[in-house]
Amino acid sequence: METVSVMIPEERVNARINEIAEQITKDFAGKSLKLICILKGSVFFTTELAKRIKLPVKLDFISVSSYGNETVSSGRIKIIKDLDDSICGEDVIVIEDIIDSGRTLSFLLEMLKNRKPASISLCTLLDKPSRRVVEVPVRYSGFEVPDEFVVGYGLDYAQNYRALPYIGVLQFED
Ligand code: IMP
Ligand code: MG
């Protein structure tokens, strides 16, 4: 069995999302944005961010395979559901829940760059820099977290805990 304890309370997560949205609003002043949500983990972060960005925003969704039901990266990445629309000529922000090894985002970034967006930036709610295998150019990052398995605010363990309104740490007990 596993238990969850609070690592980052809801108020701190929301306050940080406010700050990131303000920064994005400044950085892209006068433009409109396409936010790309990486399913399913980024859903909560993407919608909270989108509501707070004071610019015209479009949303699209992509789903890639990652960990399955394990807590260790397999390194295998494939597109389960592609974007619905073209991103050619658009200012794009790719939104991730957490960057761990960096494999998912570096793969996605290369793939999406080939579709000729006007610009492409990466935004992650959480970053585990100690686990990085592939460098990725992150422009917006919510929180750095230690090398522990975190859940909540979209992040899952075997599809559970996504709807927790805070970031929690998973502890395994027997
Ligand atoms: P990466 O390709 O190794 O950077 O893996 C990123 C993906 O792994 C994230 O989108 C998550 O789905 C998953 N992941 C990595 N660390 C955690 C964690 O601590 N909790 C939940 N999911 C995680
Ligand atoms: Mg994920």
Q: Compare all side-chain heavy atoms of Val43 with those of Arg162 and state whether any distance is below 4.5 angstrom.
A: no
Q: Report the C-alpha separation of Glu96 and Leu122 in whole Å, then their side-chain angles, then the decisive distance to 0.1 Å, and conclude whether the side-chain contact (heavy atoms from CB on, under 4.5 Å) test is met.
A: CA-CA 8 Å; Glu96 180 60 301; Leu122 302 181; over 6 Å; no
Q. Does the Ser42 side chain pair with the main chain of Leu39, one donor and one acceptor, at a distance under 3.5 Å?
A. no
Q | Nearest non-hydrogen partners of Ser5 and Gln171, listed with the distance | A | OG-OE1, 3.6 Å
Q. If you round to the nearest 0.5 Å, how far is CD of Glu90 from NZ of Lys58?
A. 5.5 Å
Q. Mind checking whether Ile24 and Leu49 have side chains closer than 4.5 Å, heavy atoms only?
A. yes
**Q.** Gap separating the CG atom of Asp97 from the CG atom of Leu155, nearest 0.5 angstrom
**A.** 4.0 Å
Q: Please report the shortest heavy-atom distance between Ile99 and Leu105, naming the atom on each side.
A: CD1-CD1, 3.3 Å
Contacts table for residues 136-147: side-chain donor-acceptor under 3.5 angstrom, sequence neighbours left out:
unit_1 : atom_1 : unit_2 : atom_2 : d
Arg139 : NH1    : Ser121 : OG     : 3.2
Tyr140 : OH     : Asp27  : OD2    : 2.6

Q | Closest approach of Ala50 to Val57 (non-hydrogen atoms, all atoms of both residues) | A | CB-CG1, 4.3 Å
Q. Under a single-linkage definition using a 4.5 Å side-chain heavy-atom cutoff for Ile, Leu, Val, Met, Phe, Trp and Tyr, are Phe107 and Val133 assigned to the same hydrophobic cluster?
A. no
Q. How far does OG1 of Thr47 sit from CD1 of Ile95, to the nearest 0.5 angstrom?
A. 9.5 Å
Q: Show your reasoning for whether side-chain contact (heavy atoms from CB on, under 4.5 Å) applies to Tyr166 and Val13.
A: CA-CA 7 Å; Tyr166 53 85; Val13 179; 5.6 Å; no
Q: Please answer whether the main-chain N or O of Gly154 pairs with a side-chain N or O of Lys40 as donor and acceptor at a distance below 3.5 Å.
A: no
Q. Taking all atoms of both residues into account, what is the closest heavy-atom pair of Ile80 and Val64, and its distance?
A. CG1-C, 3.9 Å
Q.
As an exercise, state the distance from CZ of Phe28 to CG of Leu55, rounded to the nearest 0.5 Å.
A. 9.0 Å
Q. Rounded to the nearest 0.5 Å, what separation is found between the NZ atom of Lys78 and the OG atom of Ser65?
A. 5.5 Å
(Q) side-chain contact (heavy atoms from CB on, under 4.5 Å) for Ile62 and Asp82? Distances and angles first, verdict last. (A) CA-CA 5 Å; Ile62 194 166; Asp82 206 339; 3.8 Å; yes
Q. Hey, is the main chain of Asp100 close enough, under 3.5 Å, to the side chain of Arg132 for a donor-acceptor pair?
A. yes
Q: Determine the minimum heavy-atom distance between Leu164 and Val151, stating which atoms define it.
A: CD1-CG2, 4.3 Å
Q: Find out if a path of hydrophobic residues (ILVMFWY) with successive side-chain heavy-atom gaps under 4.5 Å connects Val134 to Leu126.
A: no
**Q.** All pairs passing salt bridge (charged side-chain N to carboxylate O under 4.0 Å, His left out) where residues 45-54 contributes a residue, at least two apart
**A.** Glu48-Lys51, Glu48-Arg52
Q.
Holding to side chain to side chain donor-acceptor pair (under 3.5 Å), I want the full list of residues that pass it with Ser106, two or more places apart in sequence or in another chain.
A. none
Q. Under the salt bridge (Lys or Arg N to Asp or Glu O under 4.0 Å) criterion, do Lys81 and Asp84 qualify, and how do the steps go?
A. CA-CA 9 Å; Lys81 181 223 166 288; Asp84 288 338; 3.3 Å; yes
Q) Can you check whether Leu33 reaches Lys31 side chain to side chain, under 4.5 Å on heavy atoms? A) no
**Q.** Gap between atom OG1 of Thr46 and atom CD1 of Ile38 - 0.5 Å precision
**A.** 8.5 Å
Q: Dump the intermediate steps for side-chain contact (heavy atoms from CB on, under 4.5 Å) on Leu83 and Lys34, then the final yes or no.
A: CA-CA 11 Å; Leu83 298 174; Lys34 166 81 56 85; over 6 Å; no
Q) Closest heavy-atom contact between Tyr153 and Leu125? A) CD2-CD2, 4.0 Å
Q.
Check for me, please, whether Tyr161 and Phe172 land in the same ILVMFWY cluster - side-chain distances under 4.5 Å, paths through other members count.
A. yes
